[in-house]
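All values reported here derive from a predicted model rather than from experimental measurement.
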Amino acid sequence: MSETPQNESPDSPDSPDFDAMTRDIAEVPAVEVIVTVAVNLMSAAAVKLGLTEEGDKYKDLDEARKLVHALAGLLDAGATEVSSFHAAPLRDGLKSLQLAFREASLIPDEPGQGPGEKYTGPVYG
């Protein structure tokens with residue numbers, strides 16, 4: 001019988017406290033969770049579009065397409081759940097990412113076929 005190393009023990013200080021994490025997330029309003037996820041998707045998409053200081057180092061348009069599409073779906077589904085105070089800047093950010101994707105593509109998608117345009121409609125520059 002092998003022993004579990006101390007750092008993998010449920011009582012180890014390095015082990016996550018899932019009960020505490022559950023309590024913490026239970027106290028967060030749904031709007032805040034939705035906005036946080038949206039901002040994380042935006043940030044990841046910006047990196048994959050090469051819009052960060054690192055530029056093309058992490059550029060991957062296939063990955064960016066997935067992230068922008070997921071962001072558009074989240075904003076479409078969550079639009080009625082978050083106030084316009086939160087939704088407006090998120091929609092602006094999404095449009096900026098969609099336009100950046102169109103610019104970065106060697107062969108741009110037809111209007112209405114770009115990432116997330118299924119949810120937003122065609123995006124023009």
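- Partner of Glu63 under the salt bridge (charged side-chain N to carboxylate O under 4.0 Å, His left out) criterion, chosen from Lys59, Arg65, Lys66: Lys66.
- Residues Val39 and Ser43 are in side-chain contact: their nearest non-hydrogen atoms beyond the backbone lie under 4.5 Å apart.
- Scanning all heavy atoms of the two residues, the minimum distance from Asp24 to Val28 falls at O-CG2, 3.4 Å.
- Phe101 contributes atom CZ, which lies 11.5 Å from atom CG of Leu51 (distance to the nearest 0.5 angstrom).
- The number of heavy-atom neighbours closer than 6.0 Å to CD of Glu54, taken from other residues, nucleotides and ligands shown, is above 12.
- Residues Leu90 and Met42 share a closest heavy-atom pair of O-CE, 3.0 Å.
- Taken from NZ in Lys48 to CG in Leu67, the straight-line distance is 7.5 Å, to the nearest 0.5 Å.
- The minimum heavy-atom distance between Ala87 and Val82, with the atom names listed, is CB-CG2, 3.9 Å.
- Atom NE2 of His69 is separated from atom CG of Leu97 by 14.5 Å, given to the nearest 0.5 angstrom.
- The distance from the CG atom of Leu99 to the CG atom of Leu94 is 9.5 Å, given to the nearest 0.5 Å.
- In this structure, CG in Leu75 is found 4.5 Å from CG in Leu71, a value given to the nearest 0.5 Å.
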field: Steps toward side chain to side chain contact (heavy atoms under 4.5 Å, CB included) verdict (Ser83, Val31)
entry: CA-CA 8 Å; Ser83 67; Val31 170; 5.9 Å; no
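- Across all their heavy atoms, Glu32 and Thr36 have their closest contact at O-OG1, 2.8 Å.
- With hydrogens and angles ignored, the 3.5 Å screen pairs no side-chain donor or acceptor of Asp76 with any backbone N or O of Ala72.
- One hydrophobic cluster holds both Leu74 and Val35 under the rule that ILVMFWY side chains link at heavy-atom gaps under 4.5 Å.
- Here the shortest heavy-atom pairing between Pro115 and Asp109 reads CD-OD2, 3.8 Å.
- Proximity of Thr52 to Lys57: side-chain heavy atoms (C-beta onward) are nowhere separated by under 4.5 Å.
- Heavy atoms of other residues, nucleotides or ligands lying less than 6.0 angstrom from CZ of Phe85 number 12 at most.
- Pairing each heavy atom of Ala64 with each of Ala45, the nearest pair is CB-O, 4.3 Å.
- For the atom pair CZ of Arg91 and OH of Tyr119, the computed distance is 16.0 Å after rounding to the nearest 0.5 Å.
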